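First the structure, in the form of structure tokens, and then the observations on it.
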2 protein chains.
Amino acid sequence: MRKLSENRSPEKLLKIGELAEQTDVAVGTIRYYETLELIEPTHRSESGYRYYTADAVKRVQFIKKAQSLQFSLSEIQQILGVRHQGDPACPLVRDLLDRKIAELDVQLDRIKMLKVELEAYRDRWTDRPLDDPDSQELCSLIEEVAEHTLSSD
Amino acid sequence: MRKLSENRSPEKLLKIGELAEQTDVAVGTIRYYETLELIEPTHRSESGYRYYTADAVKRVQFIKKAQSLQFSLSEIQQILGVRHQGDPACPLVRDLLDRKIAELDVQLDRIKMLKVELEAYRDRWTDRPLDDPDSQELCSLIEEVAEHTLSSD
DNA sequence: CTTGACTCTATAGTCGGCTATAGAGTTTAA
DNA sequence: TTAAACTCTATAGCCGACTATAGAGTCAAG
């Protein structure tokens, strides 16, 4: 079904450096991914050189994309790994997506709250004139925050 | 000015374990903070035991609070450190607060965008029936994402 | 005065995701 | 054929914020 590709070079194999260049990922990183079983060369020369098909480019790009979506390498390994069991990756992936989205919601809430809190400190701080006698010994904000720490947390 | 405190125990010094307990921070962590010059015992016994005044409790709590506000230990060190120069900690702190708030805005944007993207993947995925022939060989989402990776990024 | 809980220092390990280095072998273009 | 550029493995280091361990010394209650 996909063997009719119009790729005229029938099977140009890439060396690791070429794969690295095409994906804009360091050679060392690709070897590192291999130790995590995220990718594997399709072939090894007698001398041990790794050779990759064009699929590898997609795979590396997939890894990068997934990373940019906040998936850890171990989660990516799970996603890619299920493939080997000839099985339903789908529920797993859907699950991961759902969980990740939920995590993002938590992060959003947390960051919003942090922001409100920091703004409160900043505003309280800004009102206070710089030559406030309290500043004499120690920055007043530090005291303030410290004190707040004691009472509010 | 603050010597009129109604603290009846005139100067109860804490050993590191007591400080740790009162702040709910591990002993090792306190020693670690000391290596970063975030805190210092007011006194050392001949045998080398650290002794802290009650201020240390505040200081540790301040550190924890600042950490919870996303400040790194090195930023906290800056804040606490300026104190030693008998100087204007204030502009620095205001600056740090402003920068931190700006950082949070960036994080918020990023996370919102991530969420939109993840939701799009999830939805596209959910529409696709589980017995879709495309799923035969490999979870279709993986293919999809991978393909998207290629074209969109 | 002993015993158990505490403390000391120094060093190493953890996590995640790499990067860097050494030392050796391989490929490729001139 | 030679020299540059590549590749190999194995190992160590980096960041931040710790945690854990070993081996030795100290303090306080019974």
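If you're wondering where the values come from, they're calculated on a predicted model, not measured in any experiment. Per chain, numbering begins at 1; letters A, B, ... match sequence-line order.
What you find for A:S45 and A:Y51 is that their closest heavy atoms are CB-CE1, 3.7 Å. Listed here is the closest heavy atom pair of A:S68 and B:L114: O-CD2, 3.1 Å.
Taking CG of A:L80 as the reference point, atom CG of A:L36 lies at 11.5 Å (rounded to 0.5 Å). The CG atom of A:D98 sits 9.5 Å away from atom CD of B:E119, with the distance rounded to the nearest 0.5 Å. If you take CG on A:L73 and CD on A:E37, they are separated by 13.0 Å, rounding to the nearest 0.5 Å.
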(message) For a side chain to side chain contact (heavy atoms under 4.5 Å, CB included) check, start with the C-alpha distance between B:V57 and B:L14, then their side-chain angles and the critical distance, and finish with the verdict.
(response) CA-CA 9 Å; B:V57 176; B:L14 304 167; 3.8 Å; yes

(message) Before you tell me yes or no, could you show the steps for B:K112 and B:V116 under side chain to side chain contact (heavy atoms under 4.5 Å, CB included), namely the whole-Å CA-CA distance, both residues' side-chain angles and the distance that decides it to 0.1 Å?
(response) CA-CA 6 Å; B:K112 283 180 195 158; B:V116 167; 5.7 Å; no

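As a whole-Å value, the separation of B:I63 CD1 from D:dA17 P is 12 Å. The CG atom of B:L14 sits 17 Å away from the P atom of D:dC27 (whole-angstrom rounding). Distance, B:E34 CD to D:dC18 P: 15 Å, rounded to whole Å. At whole-Å resolution of the value, CD1 in A:I16 and P in C:dT26 are 17 Å apart.
Figure legend: cation-pi geometry between A:K15 and A:Y49 absent, as NZ or CZ is not positioned both under 6.0 Å from the six-membered ring centre and within 45° of its axis.
A heavy atom closer than 4.0 Å to some atom of DNA chain D occurs in A:G48, A:Y49, A:R50, these being the qualifying members of residues 45-52 of chain A.
A salt bridge links B:D95 with B:R99: the distance from a Lys NZ or Arg NE/NH1/NH2 to an Asp or Glu carboxylate oxygen falls below 4.0 Å. A salt bridge links B:K12 with B:E18: the closest approach of a Lys/Arg side-chain nitrogen to an acidic carboxylate oxygen falls below 4.0 angstrom. Salt bridge annotation for B:K100-A:E117: absent, with no cationic side-chain nitrogen under 4.0 angstrom from a carboxylate oxygen.
Sorted by first then second residue, the salt bridge (charged side-chain N to carboxylate O under 4.0 Å, His left out) pairs that include residues 42-51 of chain A, not counting sequence neighbours, are A:E34-A:R44, A:E34-A:R50.
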With the criterion being N/O to N/O and under 3.5 Å, what pairs connect the protein with nucleotides 12-15 of chain D, and how long is each?
none

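Every residue meeting the side chain to side chain donor-acceptor pair (under 3.5 Å) condition with B:K64, not counting sequence neighbours, appears here in chain and number order: B:Y33, B:Q67.
Between the two ends of the helix from C:dC1-D:dG30 to C:dA30-D:dT1, each summarised by a five-pair axis, the helix axis turns through 20° (rounded to 10 degrees).
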(message) Please encode protein proximity along nucleotides 17-23 of chain C as a string of B, S and -, counting only heavy-atom distances under 4.0 Å.
(response) BBS----

